[in-house]
Amino acid sequence: MAEEILRMSGIYKSFGGCKALTDVDFACNRGEVHVLAGENGAGKSTILKILAGLFEADRGEICLKGEKVKIRTPRQSQDMGIAMVFQELTLVGEMTVEENLFLNMEPVRFGVVDRKKIRRQAETVMEQYGITIDLDAIVCRLTVAQQQMVEIIKILLHDPELIILDEPTSALARKEVEKLFQIVRNLIEKGKTIIFISHRLEEVFEIGDRVTVFKDGERVDTKLVSEIDTDELIRMMVGRSLQNIFPPKNTQITEEVLFEVKELTGKALQQVSFAVRKGEILGIAGLQGHGQTELMNAISGLYPLEKGEIRMKGREIKVKNAKAALKNKIALVPSDRKTEGLMLGLPVRDNLALCSLGRRARMGVISASKEKAYIDHSVKSLSIKVFNVNNPVASLSGGNQQKVVLGKELGIDPDVILFHEPTRGIDVEAKNEFYNIMKNLAKQGTAVIMCSSDMMEVIGMSNRVAVMYEGAVTQILEGEDITEENIMRCAMGISV
Amino acid sequence: METKVLHIKENLKKPEYFVYIILAVMFTVAVIASPGYLQRAHMSGLLKTASFLGIAAIGQTFAILLGDIDLSVANTITLGNVLGAQILMGSDANLGKAFVIILLAGILIGAGNGFGIRYLKLDPFIMTLGMSSVIEGVFMIYTQGAPKGKTSPFMSSLCRSAGTGVVTGVFLIWIVLVVIAIFVMKKTTFGRNVFAVGANKTAARFSGINTTKIYFIVYIISAVLAIFAGFLLVGYTGTSYLDVGVDYNDNSIAAVIIGGTAVTGGRGGYLGTLAGVMLMVMLVDFLTIVNISEAGRQMIQGGIIIILLLLYNRDKASH
């Protein structure tokens, strides 16, 4: 029987009424590689951040080596021998590797930084675990993989027992992953324990001893990797009931193709092709970072394409920038309304009017009466709850802000509208309104494309679903085939 | 009716309106404290001084609305002054030539700033500061350190008050520009786009605004108006001076900020700057009248700017 190094029980955490973890139990044995798997937002990162002292759990207890502990700060976590390497790297780009390693904990001798000691320590660690890196290199000139190595050396200097790697492979090439796994094996050999978040199924089987699957803030199960196969793992990750907040799908879909892209290729996109037919909503699904954002932006003229065609009702169009996209009546409701969608400090009116200013202006002078009519119409037709359109848009609720983003885009009378994470951070009622708006747009003959990381939303809304994996559309699912299991398989690069 | 009153009350809390209350108070104090304040000659001089700063502050308002700053205003004014005097050489016959050359120089400076900021990705602060040095070098070489030239009769007449004794030509020019500036900021697509870019550059780009174009136009407006202000100053100074523009960076920025335009961009406008300009000019004038030394004047001026900004911030915190 392996020794249990960590046990977390009954962990509960919510963020402002939004449940992130509900009474999760999780345990980890000494000397194992324990993989956490599950969809985006399933709670994997949250539970590990609690362990690292970044969040504090609302309820629940943590036992480390059989002893009950309280972890309130990252420092405490570090002192208990826990170390976490984050998805977003935390290095100072302008400094050397060595300087980064000892940032804020430089060993001091006679009041000056003891560089010799720093070097000695770093070199010892590198030798011990088989890592090679130039300590004098400037960090921002290193590759992402090398930077990650620096992060790993940095935490190893504290000689932790339990090491958490949050999606370390997401930005690495296959060869670099090999290297990382070798280091992981070296760490295990020296008696460390590793918790590893991964989105790639094959990695679970390659490096993991045990796997724990999370779903919607709950732990589904923990299994020995040797006892399961891919199918079973996927089944563990899916299996939810469809909530009743989606309007019935349009059934009258003609064969007429409104919008089509052919072999779109760019830095993060590989020959993406699909078509949207009149009346339908096309969903785009996939795990985070597989080219969905780039696809949305490329169609909207915000991401450069190397090759490919975009066709509107059979006619080829060029979208070399956002302005050209809008001119061709392609609208985008971007994923982050606060940074990409809205000018939060400006009035609701100015935001709503922005994309279509030219339509109500003559020689650059805006017609006040036309604008008033347009604003009134937008506020009414989208039922935006606003006391005064001259108030800054920041004063509205999330759902109403999102409606302003939509209204701004609808101002150009789009023929194609792209929704990117349309309902992120808005309440159920507003979500429902949004779904109805989307459906009506499709019904009225606008080509609607919806890209979402919320799988239930994709399933509940789309007539067809294009699933992306590593920058390519692996499969387009239709009708009965649109299931969680199928989407998950395609999103992990396994054919249905 | 009641909501209307409430509306006015709300608006008065905004910096760009609040500054008018300060201005009124300042004016009252000045009138009471110094007899002869309302004399025509004095008022005329005050408005004339305000006109030069006011014209330069239009461009600065645009730059700050973008969330930037234009530090080349001061030397651009000097360049306008030096070029103007030297081309005019005391004759109205050279007016057209002077006007064209000055306009071209302004466009060149503004486009240079726009190019550096957008294509070379330089920080506006650095770019306009660098441009400022370049301009200084240019007028140093051009004049060999000793500016020549002289105002023409027409330019001088713009600075003299006619008829009522208060209104001067430069003041009229300023007023026309004030109306245009406020109109452009409030009523045109370009004005809206400036606010949008200043409020959120990324979202502006996502909304299909050609941000590069906006930057170029704003910096060209700023440079052209500054060099034009320097040109008008020829009529005031008679000949040209190499330090004629020196205070205009500080004063134009101060006028814009006192006028309630946010340094972070996207909020404010020329209506506030207008009051800011008057406040700055009246303050200097008043402190001179009551015989406070240059050093004391600087301190009081700085203190008042800080106090005003504190008042604006407190207002923001309560929202």
Side-chain angles (χ1 to χ4, degrees), chain A residues 296-297 300-302 319 321-347 349-368 371 387-388 390-395 404-405 408-409 411-412 418 420, chain B residues 3-4 6-11 13-17 64-67 118 179-180 182-214 217 221 260-269 312 315-316 318-319:
Chain A
M296 292 288 116
N297 289 351
S300 316
L302 293 156
V319 284
N321 54 42
K323 196 174 181 175
L326 289 169
K327 219 175 216 153
N328 281 301
K329 298 201 164 197
I330 300 175
L332 167 71
V333 175
S335 61
D336 187 340
R337 65 173 164 272
K338 291 208 162 78
T339 61
E340 298 165 346
L342 295 171
M343 286 78 192
L344 285 172
L346 294 189
R349 182 195 64 186
D350 292 28
N351 275 281
L352 275 173
L354 196 61
C355 283
S356 52
L357 279 177
R359 299 172 145 238
R360 294 176 297 278
R362 256 178 89 183
M363 318 249 303
V365 178
I366 299 163
S367 154
E371 178 159 290
F387 175 66
N388 181 343
N390 290 315
N391 288 346
V393 74
S395 65
V404 174
V405 180
K408 175 174 78 111
E409 300 294 328
I412 65 157
L418 306 156
H420 194 190
Chain B
T3 53
K4 190 106 190 173
L6 204 75
H7 193 64
I8 292 168
K9 255 182 162 175
E10 272 303 305
N11 269 338
K13 269 194 196 159
K14 287 185 186 165
E16 64 259 48
Y17 297 107
I64 293 179
L65 277 176
L66 271 188
R118 292 305 293 180
V179 174
I180 296 174
I182 294 176
F183 180 81
V184 167
M185 283 177 196
K186 298 243 179 228
K187 303 281 180 196
T188 66
T189 52
F190 169 72
R192 285 286 183 84
N193 287 347
V194 169
F195 277 86
V197 173
N200 185 345
K201 283 178 189 50
T202 310
R205 196 168 62 88
F206 269 71
S207 303
I209 294 173
N210 184 345
T211 47
T212 301
K213 191 169 108 189
I214 301 291
I217 297 176
I221 289 175
T261 296
V263 279
T264 46
R267 213 177 61 235
Y312 297 166
D315 183 49
K316 208 163 47 188
S318 69
H319 264 81

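Numbered from 1 within each chain, the chains take letters A, B, ... in sequence-line order. Quick caveat: nothing in here was measured; it's all calculated off a predicted structure.
The pair B:Lys187-A:Glu371 fails the salt-bridge criterion, with no side-chain N (NZ, NE, NH1 or NH2) lying under 4.0 Å from an Asp/Glu carboxylate O.
Counting all heavy atoms, side chain and backbone alike, A:Leu326 lies closest to B:Ser207 at CD1-O, 3.1 Å. Smallest separation of non-hydrogen atoms from A:Ala322 and B:Phe206: CB-O, 4.4 Å.
For the atom pair CG of A:Leu302 and CZ of B:Arg205, the computed distance is 5.5 Å after rounding to the nearest 0.5 Å. In this structure, OG1 on B:Thr189 lies 14.5 Å from CZ on A:Arg359, to the nearest 0.5 angstrom. Interatomic distance, A:Arg349 CZ to B:Arg192 CZ, rounded to the nearest 0.5 Å: 4.5 Å.
The greatest number of non-hydrogen atom pairs below 4.5 Å with chain A, out of B:Ala199, B:Gly266, B:Ala196, is found for B:Ala196. Of the listed residues A:Lys327, A:Lys408, A:Glu340, A:Lys338, the one with more heavy-atom pairs under 4.5 angstrom with chain B than any other is A:Glu340. Contact tally against chain B (heavy-atom pairs below 4.5 Å) for A:Cys355, A:Pro392, A:Gly364, A:Ala325: the top residue is A:Gly364. When each of A:Leu342, A:Leu344, A:Leu346 is scored by its heavy-atom pairs under 4.5 Å with chain B, the top score falls to A:Leu346.
Only the side chain of A:Asn297 comes within contact range of chain B, with heavy atoms under 4.5 Å apart. For A:Ala353, the part lying under 4.5 angstrom from a heavy atom of chain B is the side chain only.
With contacts defined as side-chain heavy-atom distances shorter than 4.5 Å, the pair B:Ile209/A:Lys323 does not qualify. Counting heavy atoms from C-beta outward, B:Thr188 and A:Leu357 have side chains that stay 4.5 Å or more apart.
When the salt bridge (charged side-chain N to carboxylate O under 4.0 Å, His left out) test is applied to A:Arg360, no partner is found at least two apart in sequence or on another chain. Residues forming a salt bridge (charged side-chain N to carboxylate O under 4.0 Å, His left out) with A:Arg337 (at least two apart in sequence, or on another chain): none.
Using modelled atom types, one side-chain atom of B:Asn200 and one backbone atom of A:Thr339 make a donor-acceptor pair closer than 3.5 Å.
Heavy atoms of other residues, nucleotides or ligands lying less than 6.0 angstrom from NZ of A:Lys329 number more than 12.
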